[in-house]
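For reference, the structure is listed below as structure tokens.
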Amino acid sequence: MKARISAIEYVLPEKIYTNEDFFSEFPGAKAETLLKTGVRKRHIAGKDEISSDLAFRAAEKLITENNIDRSAIDFLLFNSADIDYYTPATACVLQGRLGLKNSCGAMDILNGCSGYVYSLGIATGIMESMGAKNILLLNSSTLTRFIHPRDRANRFLFGDAAAASLITFSETGAIGPFVYGTDGKSFEKIIIRHGFARHPVTQESLTDREDEYGNVTNDASFYMDGVGIFLFSVRTVPPMINELLQKAGQTMDDVDLFVFHQPNAFLNEMLRKKLNIPEEKFVHCMADFGNTVQSTIPIALKEMQKQGRLREGMNVVMTGFGTGLSWAATLARF
């Protein structure tokens, strides 16, 4: 069974938070350090705009812009940590909102930064197991609502977005092989500690603490060990890419484009140099979006298509790494 990414669209919230807005709010922030992340502006979800709302808009845009027959969609995958309810699965809610057929399967996937590649692997497995011909993949994040208002580093870095991809059966296009990995012992390096089953929110959850760089958070807000994640990425990503190419029987020269998760430009540039990837084959795509978690890779793919850097027949390496800690990589022929 062969799968192909046949169409991608993305949507952004209307509210824009520019660097000028940020430095006006935080005049004491270290501009030189923050600007190395490569972010110029980011889009922020509205107060009543949740992840599934963005995913719904992305799906409708995909269907409309690409003249997709809703009745032809056999399965819906919703990849987001921001679910609507404890139960049912948000994918089921979206199936109903989108008016898809009742024989359409629906499933949530919670993985964050590695989520797009994991979702592609699950999509190809669903095609093989049930003979699905068309799978709607929705990746969405509204992480900014969980970032403390005085957490300068993460407020600068992250933005909200959703992407929709149509994965179709194809005799010519192919996705795979895949490489996966997990370091669950380090799960606390990216975490929202309180608010779910393990630790419900209490008054203590809202007690603020400030780190040595002046960033404020609490146990009910998002936390990231930036230095720890940087070291994890530098240690994990290069051998993952080498393992993928070896598994595929290919070399770096066989790859036309490398599309990595977009955590920040400084880190990705270091990874590019470490892997000796030519600049023209590497994608930096977060200046106008920020880190949109599981949406970064499909947004980058769509932007490269719009710019003419991603064309039919090209061989593309995609890799996601971060929350979990988890990582994944795959090859795709477009």
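In this chain, numbering begins with 1 at the start of the sequence shown. No experiment lies behind these values; they were computed from the predicted model shown.
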- prompt: Do Arg145 and Asp160 meet the salt-bridge criterion of a basic N to acidic O distance under 4.0 Å?
  reply: no
- request: Test His148 against every option in Asn154, Asn215, Asp208, Thr217 by the side-chain hydrogen bond (donor to acceptor under 3.5 Å, both in side chains) rule and name the one that passes.
  value: Asp208
query: Going by an N to O cut-off under 4.0 Å, is there a salt bridge joining Arg152 and Glu210?
result: no
- prompt: Are Asp183 and Lys189 within salt-bridge range, i.e. N to O under 4.0 Å?
  reply: no
task: Check the surroundings of atom CD in Glu312: do more than 12 heavy atoms from other residues, nucleotides or ligands lie under 6.0 Å from it?
output: no
Shortest non-hydrogen separation from His43 to Asp288 and the atoms involved: CD2-O, 3.7 Å
query: Once you round to the nearest 0.5 Å, how far does CG of Leu94 lie from CG of Leu138?
result: 6.0 Å
message: Assess, by modelled atom type and distance only, whether the side chains of Ser52 and Asp84 contain a donor and an acceptor separated by less than 3.5 Å.
response: yes
query: Considering only heavy atoms from C-beta outward, does the side chain of Val237 approach that of Trp327 to under 4.5 Å?
result: no
field: Cationic N near anionic O, under 4.0 Å, Asp21 to Arg42
entry: no
Cation over ring face, Arg193 and Tyr223, 6.0 Å, 45°: yes
- line: Heavy-atom nearest pair, Leu157 first then Val39, reads O-CG2, 4.1 Å
field: N-O pairing of Asp256 and Lys281 below 4.0 Å
entry: no
- prompt: Does the side chain of Tyr116 come under 3.5 Å of the side chain of Ser165 through a donor N or O and an acceptor N or O?
  reply: yes
message: Can you tell me how far apart SG (Cys92) and CE (Met107) are? Round to the nearest 0.5 Å.
response: 10.5 Å
message: So that I know where these two stand, are Phe22 and Phe156 an aromatic pair - ring centroids less than 6.0 Å apart?
response: yes
query: Salt-bridged, Lys306 to Glu303, with N to O below 4.0 Å?
result: yes
query: Is the closest side-chain donor-acceptor distance between Asn315 and Gln250 under 3.5 Å?
result: yes
- prompt: For Asp82 and Thr142, does a side-chain donor sit closer than 3.5 Å to a side-chain acceptor?
  reply: yes
field: Salt-bridge present (Glu49, Arg57; N to O < 4.0 Å)
entry: yes
field: Centroid-centroid under 6.0 Å between Phe230 and Phe232 rings
entry: no
task: Taking the six-membered ring for Trp and the full ring for Phe, Tyr or His, determine whether the centres of Phe158 and Phe222 are under 6.0 Å apart.
output: yes
- prompt: Is the shortest distance from a Lys or Arg side-chain nitrogen in Glu25 or Arg155 to a carboxylate oxygen in the other one below 4.0 Å?
  reply: yes
Pair Ser140-Ser80, side-chain donor/acceptor within less than 3.5 Å: no
